Structures are given as C-alpha cells and as structure tokens.
Amino acid sequence: MSKFKKDKGKGKPGINTASLPDIIFILLFFFMVVTVIRELELKVRVTLPQASEITVIEPKSLVSNIYIGPPTRQYVEQLGTAPRIQLNDAFSTPQDIALFVEMERNKVDERLIPAMTWSLRVDQEVRMGIVSDVKQELRKSDALKINYAALPDLD
C-alpha cells in the first residue's frame, strides 16, 4: 500500500473571484473622479454661420473662446433677448475682456502666448456692433490673433 495517493479526480482549482467586485468598484470610482463631463455651460445661444473656407486650428489648447449671442431660455426673463458676451462660465461686458485675456495668458507657457488664438463664436443673428466692441477690446489687450468660428458649408 502506497503512502501517497494521486488525485486523478480533481482538476485545476478555479480562479478565486472574491476580489473582482472590489476591483470593479475601484475602477468605477477612478473614472468618476477623473472624467470631466462638461467643461463649460453655454448661457448664450450660438448658432454658427456656415462658411466655405474653413481651417482647423491646432493646437486647441491655445484657443480661447468668446461666445456672443442671445441668452438661453432660462436667462431671458432676467436679461432679455439682447445679445450678451459669455467669457468662461459668466456673462460679461466688453470691459471684462482685458481681464479675461490676462487670465487666459496666465494659463499657458510664456513662450506660447504669441500662438494663442481668440475664437469668436458668434450667433448668426447677432449684429456687428457688439462684435466690434469685443474686437476693439481684444486689440487694446494686444490679442491680435482672432478668428470667427463657423460650420462647413455643405453646398
């Protein structure tokens, strides 16, 4: 009689999955913390005009957007329907643009400041008066690289 028996009936042991729920919850919490759902809430309605000569601006990290358009429905009772300027997440006046330019310049490396582009995202129904005011303030702040955002012309 042998002292050791071979276990011919047993197979490989199964993988222990007891820690699998912990790993899934850790990944879920990681993505919830890291993911940015929305960076900017638009408070003005912007319907971009169409254009035939469009170029893509690269890198996008050097583009700062200035939104001009009528307020969205939730702000119409407070502000009326006159076109407004939105800088980051707040309504602004043309006089606030100099401070906005300075804050945006402080976010990037000093060597990249000349490459910064100021993108005007203007609703197609807005008159040029408020746009001219914004352009004048940008010019006073030495922000001379300006473009108008537009959608490609499908015709």
Side-chain angles (χ1 to χ4, degrees), residues 15 17-155:
I15 297 173
T17 59
S19 63
L20 191 59
D22 294 335
I23 294 170
I24 290 173
F25 280 116
I26 287 172
L27 286 173
L28 180 67
F29 288 131
F30 172 75
F31 286 116
M32 287 173 59
V33 170
V34 172
T35 304
V36 175
I37 295 174
R38 179 177 251 179
E39 290 182 13
L40 177 73
E41 177 189 355
L42 276 181
K43 295 180 178 180
V44 295
R45 181 177 45 88
V46 175
T47 305
L48 295 177
Q50 293 184 345
S52 59
E53 301 294 326
I54 294 179
T55 58
V56 177
I57 300 172
E58 293 293 337
K60 296 220 183 264
S61 63
L62 295 176
V63 177
S64 297
N65 295 309
I66 298 172
Y67 299 93
I68 303 172
T72 56
R73 281 189 206 161
Q74 60 188 5
Y75 299 106
V76 166
E77 290 183 18
Q78 297 171 344
L79 303 170
T81 58
R84 300 287 176 163
I85 302 167
Q86 181 181 349
L87 303 173
N88 291 331
D89 277 339
F91 290 110
S92 302
T93 62
Q95 290 75 27
D96 298 333
I97 290 177
L99 180 63
F100 172 72
V101 168
E102 196 61 36
M103 288 175 22
E104 292 293 311
R105 284 182 175 158
N106 289 337
K107 290 180 183 177
V108 299
D109 189 15
E110 190 173 323
R111 293 176 290 131
L112 301 174
I113 288 175
M116 290 185 72
T117 303
W118 306 93
S119 179
L120 297 178
R121 297 183 166 269
V122 182
D123 187 74
Q124 61 186 1
E125 301 294 326
V126 171
R127 296 190 176 261
M128 283 302 290
I130 191 167
V131 178
S132 296
D133 294 342
V134 170
K135 287 173 58 179
Q136 288 294 331
E137 292 298 323
L138 286 171
R139 188 174 300 149
K140 288 178 186 174
S141 303
D142 199 29
L144 303 176
K145 195 171 178 183
I146 301 171
N147 80 333
Y148 290 97
L151 296 174
D153 191 10
L154 301 176
D155 293 336

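Everything numeric here is computed off the predicted structure, so don't read it as measured data.
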Excluding sequence neighbours, so at least two apart, what forms side chain to side chain donor-acceptor pair (under 3.5 Å) with T93?
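Per chain and number, T93 pairs via side chain to side chain donor-acceptor pair (under 3.5 Å) with Q95, D96.
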
Apply side chain to side chain donor-acceptor pair (under 3.5 Å) to Q74 and list each qualifying residue two or more places apart in sequence or on a separate chain.
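E41.
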
Using the side-chain contact (heavy atoms from CB on, under 4.5 Å) criterion, which residues pair with [X]? Sequence neighbours excluded.
X    : value
L48  : V46, R121, A149, L151
P59  : S61, L62
I26  : none
Q124 : T47, P49

How would you list all residue pairs meeting ring pair (Phe, Tyr, Trp, His ring centres under 6.0 Å) that involve [range], not counting sequence neighbours?
range            : answer
residues 29-53   : none
residues 130-155 : none
residues 45-87   : Y75-F91

Test side chain to side chain contact (heavy atoms under 4.5 Å, CB included) on F100 and I66 and set out the steps.
CA-CA 10 Å; F100 172 72; I66 298 172; 3.9 Å; yes

Indicate every side-chain donor-acceptor pair of residues 125-133 with a distance under 3.5 Å to a residue at least two apart or in another chain.
residue: S132; atom: OG; partner: M128; partner atom: O; Å: 2.9

Full working for side chain to side chain contact (heavy atoms under 4.5 Å, CB included) between L138 and L120:
CA-CA 11 Å; L138 286 171; L120 297 178; 4.3 Å; yes

Tell me which pairs pass salt bridge (charged side-chain N to carboxylate O under 4.0 Å, His left out) where either residue lies in residues 45-64, with sequence neighbours left out.
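Output for this query lists R45-D123.
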
Does any pair with a residue in residues 101-116 pass side chain to side chain donor-acceptor pair (under 3.5 Å), and if so which ones, sequence neighbours excluded?
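Side chain to side chain donor-acceptor pair (under 3.5 Å) check on residues 101-116 returns S64-E104, E104-K107, D109-R111.
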
